[in-house]
There are 2 protein chains.
Amino acid sequence: MVRKAEFEDSSFIEAAIELIAVGGPAAATMAAIARAAGAPTGSIYHRFSSRAALLAAVWHQCLAALAAKMLPPLNQGQSEAAVKALIDWATKHPAMARVVLLHREDDLIDGELPTELHKQMNRLNQQLGAGLSALLSHRQKTLSTSNLALANFAIFDGPIAALKPFLRGPKNVTPPNHTTADNGTCRAAALACARASLDLLE
Amino acid sequence: MVRKAEFEDSSFIEAAIELIAVGGPAAATMAAIARAAGAPTGSIYHRFSSRAALLAAVWHQCLAALAAKMLPPLNQGQSEAAVKALIDWATKHPAMARVVLLHREDDLIDGELPTELHKQMNRLNQQLGAGLSALLSHRQKTLSTSNLALANFAIFDGPIAALKPFLRGPKNVTPPNHTTADNGTCRAAALACARASLDLLE
DNA sequence: CATGAATTAAAATAACCATTCTAGAATGAT
DNA sequence: ATCATTCTAGAATGGTTATTTTAATTCATG
């Protein structure tokens, strides 16, 4: 039985990523996503139960793609390589990188996410936490809350913030001087930030 | 002529700041802001032409408050003191700090902002740019775009990202280990990040 | 003490968007 | 060939929330 689907989950996810990268999450309306994917709006609901579910899938896909590059070095205690992996990934996938940069917890509201996705997101978070722990272990540091937070900033939040001037959206009109920078500068800042923060581990 | 106003601009701005701090910008609906301020929704429109204008005023007020603390040391080339000022300010005004942390350009959309506010925002941006330039000058560095971006990350974006684990909202349910940290840890990370980035100036 | 500008107050409206619905079309199984 | 199922297609619906409107209130001023 059944008719072949013309649109896949990924069609809508990818369309949403592009829209978010350009105009922020607010620009990713269901109508806009459908239009970008060349589909009628109704079709999205055959793939995703709600907009919240779709946006959660977007967030998960981006974070998972990033984690795939970072976890191997991280689990071997190679912090420098992990940060470099982040930068290379962001350079290669600027749209996904912008999704990560623009992500805010309160975008995900609604406890009504599909169970499956919820599990995947938990697993991913767990893997990232394990990666940070591995990093600490390799450096013979305690697995304290402060050390974990420090490592998280050193490896993720710091470098991502450092990439901000490089990850400018396309449509910006008046970009002040201090909001633009080339890849090399951002890379240096991200690495410096990571090293300095990791030196603080106790 | 005229009746005395019962509500001031600041009533609504402050109510909005609290709401944003707790539930993100999406929680700051006109109805919620009015309720929090103890006013009817309609009254807000006697102070602000639109929600966009109000939110822009919120953003400007928070950034201006922060800048007031940071610009003096910055203009004297005291980068360390500037970052400390940021941390102290965030510690003292967590709600405003969260507004800064959660701020995203695309929240400000709509080119239809009041001229006056637009001017104020331009002036503020200019002052911040001048502060960064002063910092570079004191260190005998060139005023290149990369150096400005680097300084901006060192003084603003980096430290603010470092404070994230300390600036957790109240309502969070399952805060993963690596997302919480005390003030001391965050302070150390912010300062380390700043120092390391400033060392990269050319 | 009347006047009217500026306001409070709350209800009405309108715009935007997610979601649902109705119809028709494709596809594989029986 | 027919049926059940899953899809496309796009219009209709409904809920949320910004904004407007209308009426009543206040108060400095002439």
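Note: hydrogens, waters and symmetry copies are ignored here, and every other heavy atom, side chains too, is used. Sequence lines set the chain letters: A, B, ... in the order given, protein chains first and strands last, and positions in each chain run from 1. For clarity, every value in this text was computed on a predicted model and none was experimentally measured.
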Is it true that B:Arg195 and B:Glu80 make a salt bridge, defined as a side-chain N closer than 4.0 Å to a carboxylate O? yes
Parallel under 30°, tilted from 30 to 60°, perpendicular over 60°: which one fits the rings of B:His103 and B:Trp59? parallel
Spacing of A:Arg51 atom CZ relative to C:dC16 atom P, expressed in whole Å: 16 Å
Among the nucleotides C:dA18, D:dT8, C:dA9, which one has an atom lying closest to any side-chain atom of A:His46? D:dT8
Euclidean distance, atom CZ of residue A:Phe48 to atom P of D:dC7 [Å, nearest integer]: 13 Å
Return the nearest nucleotide to the side chain of A:Arg47; candidates are D:dC7, C:dA18, C:dT19. D:dC7
Starting at atom CG of A:Asp9, determine the distance to atom C1' of D:dC7, rounded to an integer number of angstrom. 14 Å
At 4.0 Å (heavy atoms only), tell me whether A:Thr41 reaches a base, stays on the sugar-phosphate, or touches nothing. base
What's the closest nucleotide to the B:Pro40 side chain, out of D:dT19, D:dA18, C:dT8? C:dT8
In whole angstrom, give the distance that lies between atom CE of B:Met30 and atom P of C:dA11. 18 Å
Given atom CZ of B:Phe12 and atom P of D:dA18, what is their separation to the nearest angstrom? 14 Å
In whole angstroms, how far is the C1' atom of C:dA10 from the CZ atom of B:Arg35? 14 Å
Modelled atom types, side-chain donor and acceptor of B:Asp182 and B:Thr185, under 3.5 Å: yes
In whole Å, I'd like the distance from the OH atom of A:Tyr45 to the P atom of C:dC17. 13 Å
Using a strict threshold of under 4.0 Å (side-chain N to carboxylate O), is an ion pair present between A:Glu105 and B:Arg168? yes
